[in-house]
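The first residue in the sequence is number 1, and the count goes up from there.
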Amino acid sequence: NQCVKVGFPVALERMCACLGQVVFTSLVTSLGTVALAAHSLALTAEQAFYIPGYGMQAAAATLAGNALGEGDEKKLNHMAHTMMGLTVFIMAVTGGLLFAFPQFMMGIFSSDAAVIEMGASALRIVAVSEPLFGLLIILEGVFNGVGDTRVPFIYSLITMWGVRILGTFLCVSVFHMGLNQVWLCMVGDNVMRALLLGERFVSGRWKKQIHFQQKAA
């Protein structure tokens with residue numbers, strides 16, 4: 001059944017991502033209340049800067065599905081490259097704003113100087129990776145749109161648990177590092193997944209299923 005083949009990996013990916021976020025936050029709690037407050041508020045502040053990327057992801061998935069339905073590989077390629085370019089540009093701009101004004105963003109949510117300073121430092125770390133995060137978001141949308149969901153799920157599982165969770169555990173429980181190192185693990189997860197999905201996109205392996213569907217039509 002095509003619905004199960006395409007939808008089940010996406011459902012598993014969402015479940016693993018949500019569970020990973022819970023475990024990730026639980027590891028941060030051991031850093032103390034100030035670090036946890038800074039972490040939570042910084043995540044909230046960052047959302048305002050990557051939400052446009054998820055809007056573009058929904059558009060990319062829809063347009064990819066339309067191009068697949070038309071059997072137009074040239075249109076699919078053009079759409080994917082255009083959406084990636086636009087989103088990387090948008091998130092480079094928003095990431096630049098986040099890097100330039102992290103204290104202002106944290107100050108919206110808290111008046112505690114320690115929380116603002118710690119959260120601002122974390123925001124500067126993640127701001128640098130926003131363009132690659134944008135690339136990741138669009139690639140996920142394109143792959144979901146054409147029904148290539150199994151391998152991206154595997155990539156997400158590996159990077160979430162092998163980079164973010166394991167890395168955070170080592171930083172917090174073994175090496176007793178701080179929030180900046182934890183956020184570097186989070187950025188490492190996103191960067192690694194973007195590189196893996198980017199390699200898959202460039203290699204063209206994801207198109208094998210598309211060609212098969214076109215021949216069977």
When every non-hydrogen atom of Ala60 is compared with those of Val142, the smallest separation belongs to CB-CG2, 4.3 Å

Taken in chain and number order and not counting sequence neighbours, the residues that satisfy salt bridge (Lys or Arg N to Asp or Glu O under 4.0 Å) with Arg150 are none

Taken to the nearest 0.5 Å, the spacing of Thr62 OG1 from Met83 CE works out to 9.0 Å

_Less than 4.5 Å apart, side chain to side chain, heavy atoms only: is that true for Leu170 and Phe175?_
yes

For Ser156, the side chain to side chain donor-acceptor pair (under 3.5 Å) test, sequence neighbours excluded, returns Glu13

Check your understanding: Do the ring planes of His81 and Phe201 sit parallel (below 30°), tilted (30 to 60°) or perpendicular (above 60°)?
Key -> perpendicular

For Asn180, the side chain to side chain donor-acceptor pair (under 3.5 Å) test, sequence neighbours excluded, returns Ser121

Inset, instruction - Decide yes or no for Val34 and Met118: does some side-chain heavy atom of the first lie under 4.5 Å from some side-chain heavy atom of the second? - result: yes

For residues Leu166 and Leu179: do they belong to one hydrophobic cluster (side chain heavy atoms under 4.5 Å, members Ile, Leu, Val, Met, Phe, Trp, Tyr)? yes

Same apolar cluster: Phe153 and Phe8, side chain cutoff 4.5 Å: yes

For a quick test of your reading: what N or O donor-acceptor pairs under 3.5 Å do the side chains of residues 17-31 make, sequence neighbours left out?
| from | atom 1 | to | atom 2 | distance (Å) |
| --- | --- | --- | --- | --- |
| Thr25 | OG1 | Gln21 | O | 3.0 |
| Ser26 | OG | Val23 | O | 2.6 |
| Thr29 | OG1 | Ser26 | O | 2.4 |
| Ser30 | OG | Leu27 | O | 2.7 |

Q.
Show, in sequence, the C-alpha distance, side-chain angles and deciding distance for Trp161 and Cys16, and conclude whether the side chain to side chain contact (heavy atoms under 4.5 Å, CB included) test is met.
A. CA-CA 9 Å; Trp161 293 89; Cys16 290; 4.2 Å; yes

Contacts of Arg205 meeting side chain to side chain donor-acceptor pair (under 3.5 Å) (sequence neighbours excluded), chain-then-number -> Glu199, Ser203

Contacts of Leu43 meeting side-chain contact (heavy atoms from CB on, under 4.5 Å) (sequence neighbours excluded), chain-then-number -> His39, Glu46, Trp183, Met186

Hits for side chain to side chain donor-acceptor pair (under 3.5 Å) against Arg124, two or more places apart or cross-chain, chain-then-number order -> none

Notebook entry, point to check: In the single-linkage hydrophobic clustering (I, L, V, M, F, W, Y; side-chain heavy atoms under 4.5 Å), do Ile158 and Leu196 co-cluster?
Noted result: yes

Check your understanding: Just by distance, with hydrogens left out, do Thr159 and Asp189 show a side-chain donor and acceptor under 3.5 Å apart?
Key -> yes

Sequence neighbours excluded, the answer for side-chain contact (heavy atoms from CB on, under 4.5 Å) partners of His78 is Thr82

- Message: Applying salt bridge (Lys or Arg N to Asp or Glu O under 4.0 Å) to Asp148 and Lys208, what does each step give before you reach the verdict?
- Response: CA-CA 10 Å; Asp148 180 35; Lys208 291 180 180 179; over 6 Å; no

To the nearest 0.5 Å, atom CD1 of Ile125 lies from atom CG of Leu184 at 4.5 Å

Of all heavy-atom pairs linking Gly119 and Ala42, the shortest is O-CB, 4.1 Å

Which of Leu139, Thr149, Val6 passes side-chain contact (heavy atoms from CB on, under 4.5 Å) with Asn144? Answer is Thr149

Could you list the donor-acceptor pairs under 3.5 angstrom formed by side chains in residues 95-115, with sequence neighbours left out?
| from | atom 1 | to | atom 2 | distance (Å) |
| --- | --- | --- | --- | --- |
| Ser110 | OG | Asp112 | N | 3.1 |
| Asp112 | OD1 | Ala114 | N | 2.9 |
| Asp112 | OD1 | Val115 | N | 3.0 |

### Message
Hydrophobic clustering (ILVMFWY, side-chain heavy atoms < 4.5 Å, transitive) - are Leu63 and Tyr54 grouped together?
### Response
yes

Answer yes or no: does atom CE of Met84 have more than 12 heavy-atom neighbours from other residues, nucleotides or ligands under 6.0 Å?
yes

Members sharing Ile51's hydrophobic cluster, built from side-chain contacts under 4.5 Å between Ile, Leu, Val, Met, Phe, Trp and Tyr, are none

Problem - Met160 side chain reached by Ile165 side chain, heavy atoms, under 4.5 Å - result: yes

Contacts of Lys75 meeting side-chain contact (heavy atoms from CB on, under 4.5 Å) (sequence neighbours excluded), chain-then-number -> Ala67, Glu70, Asp72

Looking only at heavy atoms, the pair that brings Leu136 and Asn190 closest together is CD2-O, 3.9 Å

Less than 4.5 Å apart, side chain to side chain, heavy atoms only: is that true for Tyr50 and Thr94? no

Taking every heavy atom of Met91 against every heavy atom of Phe133, the minimum-distance pair comes out as CE-CD2, 3.8 Å

Would a single hydrophobic cluster contain both Met192 and Leu157, if residues Ile, Leu, Val, Met, Phe, Trp and Tyr are joined by side-chain heavy-atom contacts under 4.5 Å?
yes

Looking only at heavy atoms, the pair that brings Gly53 and Ile138 closest together is O-CD1, 4.3 Å

Here the gap from Glu140 atom CD to Leu135 atom CG, rounded to the nearest 0.5 Å, amounts to 10.5 Å

TODO: Could you walk me through whether Val146 and Trp206 pass the side chain to side chain contact (heavy atoms under 4.5 Å, CB included) test, one step at a time?
DONE: CA-CA 9 Å; Val146 300; Trp206 59 288; 3.9 Å; yes

Sorted by chain and number, sequence neighbours left out, salt bridge (Lys or Arg N to Asp or Glu O under 4.0 Å) with Glu130 holds for none

Interatomic distance, CD1@Ile116 vs CG@Leu123, rounded to 0.5 Å, equals 11.5 Å

Next item on the list: State, yes or no, whether a side-chain contact exists between Leu197 and Pro152 at a heavy-atom distance under 4.5 Å.
Entry: yes

